[in-house]
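What's counted below: heavy atoms across the whole structure, side chains too, no hydrogens, waters or symmetry copies. Remember, predicted model here, so these are calculated numbers, not experimental data. By convention in this document, chain letters (A, B, ...) are assigned in the order of the sequence lines, proteins followed by strands, and residues within each chain are numbered from 1.
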Amino acid sequence: MDTTQILKIQTELAQRTLAQPAERHKRLYRFVCDEGWLRTGLETVLANKGSSTSGLDGVTKGRLDTNPDGRSNLVHQLHAELVAGTYHPQPVKRVYIPKANGKLRPLGIATLRDRTVQAAVKMVLEPIYESVFLPCSWGFRPLRSTHHALSALRRATSDPRMGFKWIIEGDIAACFDEIEHRLLRRVLKQRIQDETFLDLITTMLRCGIWEDGRVTYPSAGTPQGAVCSPVLANVFLHEFDAWYLRTYRVRPEWAHLAPSSLQYRRKTEIGGTLMLTRYADDWVAVWNGSRSRAEEIKAEIKTFLADELHLRLSEEKTLITHIDDGFDFLGYRMQGDKRWSDGQWCFFSRVSERAIRRFRDAVKEITRYTFTDEVAAFTALAGLIRGWGNYYAYAAESRLMDSLDGFIYREIWSYCRRKQRTLGAKAVYRMYTLPPHLREVGYFHLGAMMGEQAVRIPRLSGIPRKALRLGYPPHPYLGDIHTDVLPAPGTGDECWWDQHVWAGQEGDRIGQRRLVTAVRMRTAVCEVCGTQLVDEVHHDPPWHETHRHHPQQALAVCVACHRRLHGAKR
DNA sequence: TAGAGGTGGAC
RNA sequence: UUUGUCCACCUCUA
């Protein structure tokens with residue numbers, strides 16, 4: 001399968017979108033029909049663990065692979081149907097899953113064949129819209145994480161020159177379910193001129209929902225669970241970003257102004273600077289003007305969303321707070337405080353109350369049942385601690401981690417005591433304490449033995465704290481080349497918008513993986529033999545010697561050539 | 001060092 | 001009991 005060709009086309013789509021913003025893409029449908037694209041889409045769908053659950057036709061990955069030609073047959077069939085125009089997505093299976101806040105989330109589970117087509121559609125949409133989206137959009141996008149969003153927000157709010165005072169926390173009610181298909185199509189039309197392709201998206205959106213034997217056809221909502229739903233939601237909500245950009249950041253009539261006078265203009269004509277950070281339907285805007293003006297802005301946002309996008313702002317969840325009171329975003333609590341060392345005012349990232357409560361509940365849930373065997377319970381606990389602790393490694397909360405470790409220890413101990421009711425405390429302690437030579441720093445000394453192997457439970461305090469200072473991600477389809485999404489780089493918080501001014505500090509591994517992406521996007525064909533596909537990146541000097549990377553010094557090579565290069569050196 | 005599989009977390 | 005992105009970890013292969 002020729003993924004090289006696909007990557008090349010995706011890069012072209014991205015480049016063309018950047019170079020010709022006014023031009024609309026034509027003849028996109030042929031890519032979705034292409035057997036190579038469909039095959040790649042199928043492989044990504046099958047790589048997900050969701051491929052073992054079926055849609056309405058009952059086909060799973062296992063069922064598909066009972067026939068050695070199952071995958072090829074499916075791709076052939078989809079190709080034929082798409083070309084003939086007879087392809088119709090089947091209704092999705094309605095399933096409700098509990099959300100973190102206790103409410104239910106409706107999912108629409110499509111069949112594997114429909115997911116394959118959706119994946120192919122996403123492969124077309126993503127390169128185009130990665131060139132369109134603004135830097136304030138962080139949700140559901142490649143190379144961007146919640147931590148990137150928090151980092152950007154922290155960076156802006158802790159800039160004393162900007163003097164941000166007010167926080168408008170926003171939440172768009174039932175966002176995914178209320179996106180109107182007609183409006184979404186109109187938005188897509190701004191960049192895409194291919195009725196067949198748009199029709200395909202519309203039929204995908206309008207495919208029926210099967211529930212209790214009845215099928216309904218909605219006129220709004222992107223089915224949660226569809227491969228391309230996240231990118232479609234972003235395409236739709238980009239209109240919000242774009243409106244924000246032209247009404248609060250750079251008004252069209254200011255386009256000729258130097259960046260330094262922009263801030264002055266904003267101050268006199270708008271009343272201050274508003275900085276938006278959006279993660280899917282969850283957003284935060286920081287404002288350095290007056291409180292009453294903040295109220296007006298909130299109302300303006302509300303009317304824009306209602307009038308232009310037909311979306312509601314949930315009134316009880318949309319609050320205006322002072323920056324000193326802090327605010328919750330993406331599971332973190334952002335709060336300004338005096339720094340302990342020098343008394344300087346500084347912005348800190350902490351763990352939100354809700355996240356702490358949820359973690360404690362999860363620990364209790366694992367240790368509640370004593371009929372589970374201790375190896376299973378301890379491995380589950382280890383996974384929870386590692387995963388949760390890792391997500392909150394960017395919180396400045398050493399004290400909290402210590403106290404949670406104490407809580408976890410008490411829970412484990414009470415679990416052990418309850419499990420061995422007949423034994424005394426000393427006997428239980430002996431039973432669940434790892435032998436000294438198997439204890440490790442950063443782990444509890446309580447644990448279990450599975451044969452020779454010790455099942456250890458990591459301590460939250462053993463996970464190193466990380467600085468919330470992440471660099472700006474590159475364009476995923478263009479690598480590290482300069483992407484002029486915005487009119488001009490500027491001063492103050494404008495720097496934040498300029499992707500190249502942002503001097504970020506990242507973990508080694510992140511930087512390394514970025515390099516792989518950048519180099520891969522550059523060629524996608526082995527730079528040594530020129531024939532085979534790139535699978536590896538060769539460093540000269542080696543990565544472990546310098547720990548620095550320069551895309552110019554790295555070679556994209558295939559496995560065989562990589563081995564040859566290493567062999568020649570030794 | 002790179003791939004494949006799996007586990008956990010955030011939204 | 002699903003989708004997408006991201007992060008971390010573990011195992012295996014060379």
Side-chain angles (χ1 to χ4, degrees), chain A residues 44-45 47-55 92-101 104-112 114-115 118-119 122 125-126 130 137-150 175-176 222-234 278-282 329-332 351-352 354-355 358-359 362 366 379-395 453 455-456 458 463-464 466 470 473 476 506-507 509-510 512-513 516 533-539 542-545 554 556-563 565-566:
Chain A
T44 55
V45 166
N48 291 328
K49 63 176 192 209
S51 57
S52 50
T53 55
S54 63
V92 294
K93 195 164 69 179
R94 182 56 104 208
V95 169
Y96 293 92
I97 58 159
K99 281 203 289 189
N101 61 12
L104 288 177
R105 178 195 298 272
L107 289 184
I109 301 168
T111 59
L112 281 185
D114 292 338
R115 278 184 238 167
Q118 289 167 2
K122 181 188 161 252
L125 289 177
E126 201 170 68
E130 277 304 312
S137 164
W138 297 96
F140 306 135
R141 292 182 57 188
L143 304 187
R144 283 152 190 257
S145 66
T146 50
H147 298 125
H148 283 96
L150 289 162
C175 177
F176 274 77
T222 72
Q224 297 197 49
V227 180
C228 51
S229 279
V231 63
L232 286 177
N234 266 335
R278 187 174 65 78
Y279 196 95
D281 53 355
D282 208 353
F329 192 53
L330 306 176
Y332 276 78
V351 185
S352 74
R354 264 181 68 198
R358 279 218 286 268
F359 177 72
I366 293 171
T379 42
L381 211 49
L384 177 69
I385 292 165
R386 239 194 288 275
W388 191 89
N390 174 43
Y391 184 77
Y392 289 105
Y394 292 91
Q453 195 68 39
V455 178
R456 282 182 284 259
I463 298 168
K466 293 185 197 151
L470 298 177
E506 303 207 9
R509 292 201 47 166
I510 300 173
Q512 195 183 355
R513 210 168 36 71
V516 175
L533 224 83
V534 174
D535 347 67
E536 295 178 5
V537 172
H538 175 76
H539 293 85
W543 165 260
H544 56 84
E545 279 177 21
V557 291
C558 60
V559 186
C561 291
H562 198 181
R563 216 164 291 153
L565 283 165
H566 277 292

* **Among C/rC6, B/dC11, C/rG4, the one nearest A/Asp282 by side-chain distance** => B/dC11

* With a 4.5 Å heavy-atom cut-off, do A/Lys466 and A/Asn390 have their side chains touching? -> yes

Close N or O pairs between protein and nucleotides 8-10 of chain B (under 3.5 Å):
none

* How many Å lie between CG on A/Leu125 and P on C/rU3, as a whole number? -> 19 Å

* Asked: Just to confirm, is there a sub-4.0 Å distance from OP1 or OP2 of C/rG4 to any side-chain nitrogen or oxygen of A/Asn48?
  -> yes

* Asked: Between A/Tyr391 and A/Phe359, does the ring centre distance come in under 6.0 Å?
  -> no

* Could you state the atom-to-atom distance from CZ of A/Arg94 to P of C/rU3 in whole Å? => 16 Å

* Have A/Ser51 and A/Asn48 got a donor and an acceptor in their side chains that come within less than 3.5 Å? -> no

* **Whole-Å gap separating P (C/rU3) and CZ (A/Arg141)** => 23 Å

* Hey, does A/Ser352 reach any base, or is it just sugar-phosphate, or nothing, if we go heavy atoms under 4.0 Å? -> nothing

* To do: Please determine, by modelled atom types, if A/Tyr279 and A/Ser137 share a side-chain donor-acceptor pair under 3.5 angstrom.
  => no

* To do: Quickly work out the A/Tyr96 OH to C/rU3 P distance and round it to whole Å.
  => 19 Å

* Check whether any side-chain N or O of A/Asp282 sits under 3.5 Å from a backbone N or O of A/Leu330 as a donor-acceptor pair, and report yes or no. => no

* **Sugar-phosphate only, base, or nothing, as touched by A/Thr53 at under 4.0 Å among non-hydrogen atoms** => sugar-phosphate

* To do: To the nearest Å, give me how far apart CG (A/Leu150) and C1' (C/rC6) are.
  => 12 Å

* Can any side-chain N or O of A/Arg94 pair as donor or acceptor with the backbone N or O of A/Leu107 at less than 3.5 Å? -> yes

* For A/Lys122 and C/rU2, what is the distance between atoms NZ and P respectively, to the nearest whole Å? -> 18 Å

* To do: Looking at every strand, decide which applies to A/Lys93 at a 4.0 Å heavy-atom threshold: base, sugar-phosphate, or nothing.
  => nothing

* Integer-rounded Å distance: C/rG4 P and A/Arg144 CZ -> 20 Å

* Structure fact -> Residues at least two apart in sequence or cross-chain that pass salt bridge (charged side-chain N to carboxylate O under 4.0 Å, His left out) with A/Arg386, listed by chain then number, are none

* What is the nucleic acid contact for A/Ala280, judged by heavy atoms within less than 4.0 Å: base, sugar-phosphate only, or nothing? -> nothing

* Sugar-phosphate only, base, or nothing, as touched by A/Gly139 at under 4.0 Å among non-hydrogen atoms -> nothing

* To do: Measure from CZ on A/Phe140 to P on C/rC6 and round the result to the nearest Å.
  => 12 Å

